[in-house]
Number of protein chains: 4
Amino acid sequence: MVIVGSVYRQTARTRILDAAEELFSGGGYDATPTARIAELAGVPKGLLFHYFPRKIDVLISLVDERTLVTEYDAEEVVEREAAAAPGDAAGALSRLARRLPLHASPAMRRILFREADTHLSVRERLGRLNAEIIKRARFALELAMPGGRGDAARLEAAAATFAAVLLYQESICQLTGHHIDPDAVAELIAHALG
Amino acid sequence: MVIVGSVYRQTARTRILDAAEELFSGGGYDATPTARIAELAGVPKGLLFHYFPRKIDVLISLVDERTLVTEYDAEEVVEREAAAAPGDAAGALSRLARRLPLHASPAMRRILFREADTHLSVRERLGRLNAEIIKRARFALELAMPGGRGDAARLEAAAATFAAVLLYQESICQLTGHHIDPDAVAELIAHALG
Amino acid sequence: MVIVGSVYRQTARTRILDAAEELFSGGGYDATPTARIAELAGVPKGLLFHYFPRKIDVLISLVDERTLVTEYDAEEVVEREAAAAPGDAAGALSRLARRLPLHASPAMRRILFREADTHLSVRERLGRLNAEIIKRARFALELAMPGGRGDAARLEAAAATFAAVLLYQESICQLTGHHIDPDAVAELIAHALG
Amino acid sequence: MVIVGSVYRQTARTRILDAAEELFSGGGYDATPTARIAELAGVPKGLLFHYFPRKIDVLISLVDERTLVTEYDAEEVVEREAAAAPGDAAGALSRLARRLPLHASPAMRRILFREADTHLSVRERLGRLNAEIIKRARFALELAMPGGRGDAARLEAAAATFAAVLLYQESICQLTGHHIDPDAVAELIAHALG
DNA sequence: TATGAATGAGTCTTCATTCAT
DNA sequence: CATGAATGAAGACTCATTCAT
């Protein structure tokens, strides 16, 4: 009953975060008045400040709670996949892309990039995400081509490039109107290293 | 007198743009009050609105006047270089990177990325830059490997990836703390296509 | 159980008043949110309003319960002292000063003066204190110099002046940084009347 | 014309200070919204913040500009008076009281005392005033009774007591309802030293 | 052109107080 | 009694923009 109740009637705090996520991703943090967040959440303005003393705390909580790096044992999964399809570097990267360790909605990703250079805590989170993706891409590539072909520097550039494409693909599409396909980049990289 | 007058006028307008460039790139467009622009430019607040009726006009003028795509005949230069070093795809891309068609200062690049998703005119300009870079990268790669090795899709992915790395390299470095080397990426791509 | 209950209840109420005394004397009534009183008292916010329906009731209760005019028979004490040291007007005033009929802590005195002009009930209490001190000073001086030397007006000025010095000595010291010694003033007054 | 103009039509800044003086002295600084100051001054709310960036700056400016210690040569005046009426210590103090070196209106004095313990700059100004009054009282008394009768400590207590009475007389009257007459205190002190 | 005072809508934030549990 | 979420009115302060001179 209690559980069902909480499911049916989201808590005020959750509704506030939902509203903020939508509005921040739409118009940006600065352009979103707290009043509009409260309005969309269906709570009085004061309640927002009951849960989040300052406006920035809404953003911080959003980033803290909704951009989690996945917690499953990533390495084990990658190893299993590598064993199942040996030598398939492109496939390994593509699978990594699909498991992008952003628990976040596309909205949250937009928020992450948009606010990163203004707000330290957001930037830190973005930095950690990038490092994590690079680490996993490097690991996947090493597994896929055990012979160590290609030098270390090239593999490093490949991992960093792939991470950049993954992180920025939506931003690139939105800002430049040009769609970039992670699978095509994965194939390109695999060819470069293979 | 007339000349002096026009000199003064230009000076004021230029100083306003200089100040705006510095402040926008530092704190962002929204966070920069017009009063501070005027103050830093050393002009009275009213004069700013004499030259730029609305605040957004300062940003628009900045983007229009200070992020010019280079006007030299890019294709001709690339052709000459390709002839001088046939088959050197990596070098072609590296040279392209060094001629990045942003006349803009690093400050202007920061402004471009930061404000692109909020302000249409900035986004348009960024889209045109991206398209231009992709076009030149494609052209350079085609020239470097005339045999048409590699299929078209892969070449397209290569051009788009390189453009993304070029455009975002500073953003990536600033936001994630991870430095990405365009030359290494150029070498990677050349290897993929070669 | 009942006893324990009443002990707890009293404890909560007392802790609220303790916290309010500390905070009001520190930052002033207006600058002290009820939330901080409750926090310092270690009680939930709602409980504070259970005991004190309005914020001002906390101040009123504080003044009512913690700035009591002493209840011993002041006149009798003064008479006994006067008999023991006849003619010692300065000593009589000094002893009066030491028995200052403020049961209150220095904190409560600060509250009294600070809030007097804003809150009627506090002002009334302060007025009563002043009147009481003047009365006692007059009585002590009359006893100490029974000959009736000095005219009535001068004695009145002496009593009022001494009361002012007693009441405001801490305020003067705190606000102006100048320390004023009640004993020296007592000696001065005694000399004026003697 | 310009002068007449400025006389007829007070500047907005002056009207703001006038309004603040009236309202601060009435209800206190904290209880006075900036909106009401602007309203009483007949200026838009924003203009108040054009002249005084923070609310506290209104109070600071008020204290800085409207509680000036008089600039005439006080010592010379006192000396002349002392020569004209030798031995008249009571008269000297009474004359000093009438020249109370507060250029300020009674309203400003109320503000000074009320806000002194909350705002440093106000407290500093009050401390300087007190020191100045004590200095002048001491000087006046020394001139009036050149024989050096009475010891130094008593003279010091007399000066401090008189300063306290002068500074706090209005506060005492307002808070306790008891009127204290500076002339009577002057006579008392003169008698004590005489 | 040049100047800075004037304007007022809008924003974040605080806080006493209520109320359902 | 106890709890802390809920409420909304009110306050300080910001800032783009206008305007008279």
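As a basis for the values below, the full set of heavy atoms in this structure was taken, side chains included, without hydrogen atoms, waters or symmetry mates. Below, chain A is the first sequence line, B the second, and so on; all start at residue 1.
In this structure, CZ of D:Phe49 is placed 17 Å from P of E:dT11, rounded to the nearest angstrom. Rounding to whole angstrom units, CZ of residue B:Phe52 and P of F:dC15 are separated by 20 Å. Rounded to an integer number of Å, the gap from C:Arg36 CZ to E:dT14 P is 11 Å. For the pair D:Arg54 CZ and F:dT14 C1', the interatomic distance rounds to 15 Å; values are reported in whole Å. One can place CD1 of B:Ile37 at 11 Å from P of F:dT17, the figure rounded to the nearest angstrom. Going from atom CG of D:Asp57 over to atom C1' of F:dA12 covers 12 Å, rounded to whole Å. Put simply, OH on C:Tyr29 is 19 Å from P on E:dT14, counting in whole angstrom units.
The side chain of C:Lys55 sits closest to E:dA16 out of E:dA16, F:dT17, E:dC12.
Judged by closest nucleotide on DNA chain F, D:Ile56 is the one of D:Ile56 and B:Thr32 placed further toward the 5' end. Along DNA chain E, the nucleotide closest to C:Pro53 and the one closest to A:Ala31 are compared, and the more 5′ of them pairs with A:Ala31. With DNA chain F read from its 5' end, the first of the two nearest nucleotides for B:Asp30 and D:Pro33 is the one closest to D:Pro33.
With sequence neighbours excluded, no residue forms a side-chain hydrogen bond (donor to acceptor under 3.5 Å, both in side chains) with B:Ser25. Scored by the side-chain contact (heavy atoms from CB on, under 4.5 Å) test, C:Ser171 finds C:Tyr168, C:Leu175, D:Tyr168 as partners (sequence neighbours excluded). Applying the side-chain hydrogen bond (donor to acceptor under 3.5 Å, both in side chains) rule to A:Arg114 yields the partners B:Asp117; only residues at least two apart in sequence or on another chain are considered. Contacts of D:Thr14 classified as side-chain hydrogen bond (donor to acceptor under 3.5 Å, both in side chains), with partners at least two apart in sequence or in another chain: D:Thr11.
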- [ ] At under 4.0 Å between heavy atoms, which parts of nucleotides 4-9 of chain F does protein reach? Answer with one letter per nucleotide, 5' to 3': B base, S sugar-phosphate only, - none.
- [x] BBBBB-

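Residue B:Thr34 places at least one side-chain N or O under 4.0 Å from the OP1 or OP2 atom of F:dA16.
For C:Glu21 against C:Ile111, the heavy-atom pair with the smallest separation is O-CD1, 3.6 Å.
Among pairs with a residue in residues 40-57 of chain A, those fulfilling salt bridge (Lys or Arg N to Asp or Glu O under 4.0 Å) read A:Arg54-A:Asp57, at least two apart in sequence or across chains. For residues 32-57 of chain A, there are no ring pair (Phe, Tyr, Trp, His ring centres under 6.0 Å) pairs, not counting sequence neighbours.
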Open item on the list: As a check on the pairing definition, encode DNA chain E in dot-bracket form, counting Watson-Crick and G-U wobble pairs whose two distances are under 3.5 Å, and using | for partners outside this strand.
Closed with: .||||||||||||||||||||

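Residues B:Leu59 and B:Val63 meet the side-chain proximity criterion, which asks for heavy atoms closer than 4.5 Å.
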List the atom pairs, donor and acceptor, that lie under 3.5 Å between side-chain atoms in residues 28-41 of chain C and the rest of the protein, sequence neighbours left out.
unit_1, atom_1, unit_2, atom_2, d
C:Tyr29, OH, C:Ile56, N, 3.0
C:Thr32, OG1, C:Leu23, O, 3.4
C:Thr32, OG1, C:Gly28, O, 2.7

